[in-house]
Visitor: 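Structure incoming, see below.
We count ligands from 1, going down the list as the structure has it; atoms in each ligand are counted the same way.
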Amino acid sequence: MNLNRRKFIKKTSLSAAGIGMFTVLPSSVWGAKVAPSDRINVALIGCRNHGFNILRHHLNNDDVNCTALCDVDENVLNDRARDVEEAYGQTPRRYRDFREVLEQRDIDAVIIGTPDHWHCLNFVYACQADKDIFVEKPLANTIAECDIMVRAAKRYGRVVQVGQQQRSNPAFHESVQIIKNGEIGKLRQVNIWANFNYGIGATPAEDGPVPAGVDYDFWLGPAPERPFNQARFHGSWRHFWDYGGGLFSDWGVHLIDMALWPEDLTGGPQRVMTYADDTSEQTAMRDTFDTMNVIYPKKNYVIHYDMTAGVQEGPWGKLYGLAFVGDKGTIVVDRAGYELHPEYDNSINDYKTEARTMSDAGESHGPHVRNFLDCIKTRETPLCTPEMGYAAAVHTHTANIAGRVGEPLLEWDDTNMRFTNSEAANQLVTPEYRAPWTLPEI
Ligand SMILES: NC(=O)c1ccc[n+]([C@@H]2O[C@H](COP(=O)([O-])OP(=O)(O)OC[C@H]3O[C@@H](n4cnc5c(N)ncnc54)[C@H](O)[C@@H]3O)[C@@H](O)[C@H]2O)c1
């Protein structure tokens, strides 16, 4: 669609005349002003699973109204509207087309809970419509889209929180402070592991009819046209390159984000050394890899990512986690807590640093959402910026691209947004959008 703001408003105003079949619009909406009220009116775009979880974390705050829900699956839309009514006594308006949601002047902020291939369009249009945005991770499904979104947020001055909620988790926060304070000495390695059964892929299914109530063409949006298949649809789209990046960009992105935090590293990786393959014999449907080992050499330390989908045992008795290895000690951390394991110094018969633990880090979505809500009011910068979302996502996308083109070593030039040693890899930086959708230009 590639619309500037004026054209966007004009276009969506016109389309509102023929509003979708689920829309119920009170006439007062058109005259409403975005008042700097204490209550924040939010809309959710993409309601089925995690988007709705994040909406609930918004609605657990007294200063939030759910003004609208939007989904291309009428069944999901109606179920979630009922859930909101039952749990919170609110009656959100219902939409199928997110552009109509963005036109509503009484909406202050949107939550983007769509599959990854939709994030960029949802996000850029929301920026152009002056909405603040909670966007789920990974920031987008390709490197070029991530870059466009960073620039859109800046250009339109939006308050944006990326759903990398470990930035609001006390175990990760304290671990990073310990490292920054020098308590584990020089940070030398960050070893990450992510082993999850679900990463193996979807239950195989044949192509079949589109379920009643689903606007499948809209669900595909900018992605290539193809027959409907349940295995590529709700939930399991994440295992197919057209819509997601597999276990690495789905879960690994959270962990990469933490590995960059001790030095507040921004941008994509300069070098990516990748092993990516399918080593499991389990039957599943997916495009993405079940096994990856990736090394990112940084100036002062090295990040190593180790992923085995289809198993759930891992180092330190944890199915996922990070070990920050310093020369005085190692911090092992997951969402529940951390343990600092000190090195022993034989020359003084003592430990080089103090052992420490945290075991009750608690839930992170609530505080992450609260931080977003506070920033909407203060116009301060939330804890996880689009730049942080870009850095984490692009680390995962570059490694996935390396696996897809079979190049074990890729060099990435973040300024010029290209790989300097592989033209095949460059072909996967920017997606080809299916008409009528076009990649936004910012
Ligand atoms: N932060 C976290 O811990 C976390 C956890 C899970 C998922 N996620 C992220 O949340 C997002 C959603 O994942 P999910 O598991 O909820 O997926 P899902 O498939 O369960 O739900 C996506 C919903 O979006 C709807 N949708 C698709 N295109 C749409 C469009 N153009 N407009 C409106 N609705 C549309 C679908 O019909 C579906 O209801 C993904 O980006 C995922 O990576 C984040």
Visitor: Heavy-atom contacts under 4.0 Å between W237 and ligand 1: side chain, backbone, both, or neither?
Guide: side chain
Visitor: Heavy-atom contacts under 4.0 Å between N49 and ligand 1: side chain, backbone, both, or neither?
Guide: both
Visitor: For atom 3 (O) of ligand 1, find the nearest protein heavy atom and state the residue, atom name and distance (0.1 Å precision).
Guide: Q165 NE2, 3.1 Å
Visitor: Does the pair D63/R370 count as a salt bridge with the N-to-O cut at 4.0 Å?
Guide: yes
Visitor: Are the aromatic ring centres of F172 and W261 under 6.0 angstrom apart?
Guide: no
Visitor: Tell me which protein heavy atom sits closest to atom 30 (C) of ligand 1, plus the residue, atom name and distance to 0.1 Å.
Guide: V72 CG1, 3.7 Å
Visitor: Check this for me: does any side-chain nitrogen of one of R379 and D132 sit under 4.0 Å from a carboxylate oxygen of the other?
Guide: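 A salt bridge is present here (some side-chain N lies under 4.0 Å from a carboxylate O).
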Visitor: So F248 and Y305, would you call those rings parallel, tilted or perpendicular, with 30° and 60° as cut-offs?
Guide: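 Ring orientation of F248 relative to Y305: parallel.
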Visitor: Which of the atoms of ligand 1 are close to G235, meaning less than 4.0 Å from one of its heavy atoms?
Guide: 18 (P), 19 (O), 20 (O)
Visitor: Could you walk me through whether W241 and F289 pass ring-ring contact (aromatic ring centres under 6.0 Å, His included), step by step?
Guide: CA-CA 10 Å; W241 299 126; F289 303 109; 5.6 Å; yes
Visitor: Using modelled atom types only, decide if a donor and an acceptor are shared between the side chain of H397 and the backbone of A140 within a distance under 3.5 Å.
Guide: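 Yes, H397 side chain to A140 backbone: donor-acceptor pair under 3.5 Å.
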Visitor: Record the part of R48 in heavy-atom contact with ligand 1 below 4.0 Å; permitted values are side chain, backbone, both and neither.
Guide: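 Both of them.
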Visitor: Among all protein heavy atoms, pick the one closest to atom 2 (C) of ligand 1 and tell me residue, atom and distance.
Guide: H50 NE2, 3.3 Å
Visitor: Taking only heavy atoms of H254 into account, list the atoms of ligand 1 that are under 4.0 Å away from them.
Guide: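 Here the atoms of ligand 1 in question are 1 (N), 2 (C), 3 (O).
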Visitor: Nearest heavy-atom pair of T114 and H119: which atoms, and what distance?
Guide: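 Closest approach of T114 to H119, heavy atoms only: O-NE2, 2.8 Å.
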Visitor: Go through ligand 1 atom by atom and flag the ones less than 4.0 Å from a non-hydrogen atom of I45.
Guide: 32 (N), 33 (C)
Visitor: Which protein non-hydrogen atom lies closest to atom 28 (N) of ligand 1, naming both residue and atom, and how far is it?
Guide: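 Answer for atom 28 (N) of ligand 1: W118 CD1, 3.4 Å.
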Visitor: Please report the shortest heavy-atom distance between G267 and H395, naming the atom on each side.
Guide: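 Looking at all heavy atoms of both residues, the closest pair is O-CE1, 3.5 Å.
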Visitor: Distance under 4.0 Å to a non-hydrogen atom of H119: what atoms of ligand 1 satisfy this?
Guide: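 Here the atoms of ligand 1 in question are 41 (O).
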Visitor: Less than 3.5 Å between some nitrogen or oxygen of R96 and one of ligand 1, yes or no?
Guide: no
Visitor: How about D264: does its CG atom have over 12 heavy atoms from other parts shown lying under 6.0 Å from it?
Guide: yes
Visitor: What residue and atom, counting heavy atoms only, is the protein's closest point to atom 41 (O) of ligand 1, and at what distance?
Guide: D116 OD1, 2.7 Å
Visitor: Could you find the nearest protein heavy atom to atom 43 (O) of ligand 1 and give me its residue, atom name and distance?
Guide: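 The closest one turns out to be K137 O, 2.8 Å.
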Visitor: For atom 44 (C) of ligand 1, what is the closest protein heavy atom, and at what distance to 0.1 Å?
Guide: E136 OE1, 3.1 Å
Visitor: What is the closest protein heavy atom to atom 12 (C) of ligand 1, and at what distance does it sit?
Guide: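 For atom 12 (C) of ligand 1, the nearest protein heavy atom comes out as G113 O, 3.1 Å.
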Visitor: Only heavy atoms of G163, strictly under 4.0 Å: list the atoms of ligand 1 that pass.
Guide: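 That gives atoms 1 (N) of ligand 1.
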Visitor: For the residue pair V124 and P440, what are the closest heavy atoms and their distance?
Guide: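 Closest approach of V124 to P440, heavy atoms only: CG1-CB, 3.7 Å.
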Visitor: Which label fits Y216 and F233: parallel for a plane angle under 30°, tilted from 30 to 60°, or perpendicular past 60°?
Guide: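 Plane angle over 60°, so perpendicular.
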Visitor: For ligand 1, which atoms have a heavy atom of D250 less than 4.0 angstrom away?
Guide: 43 (O)
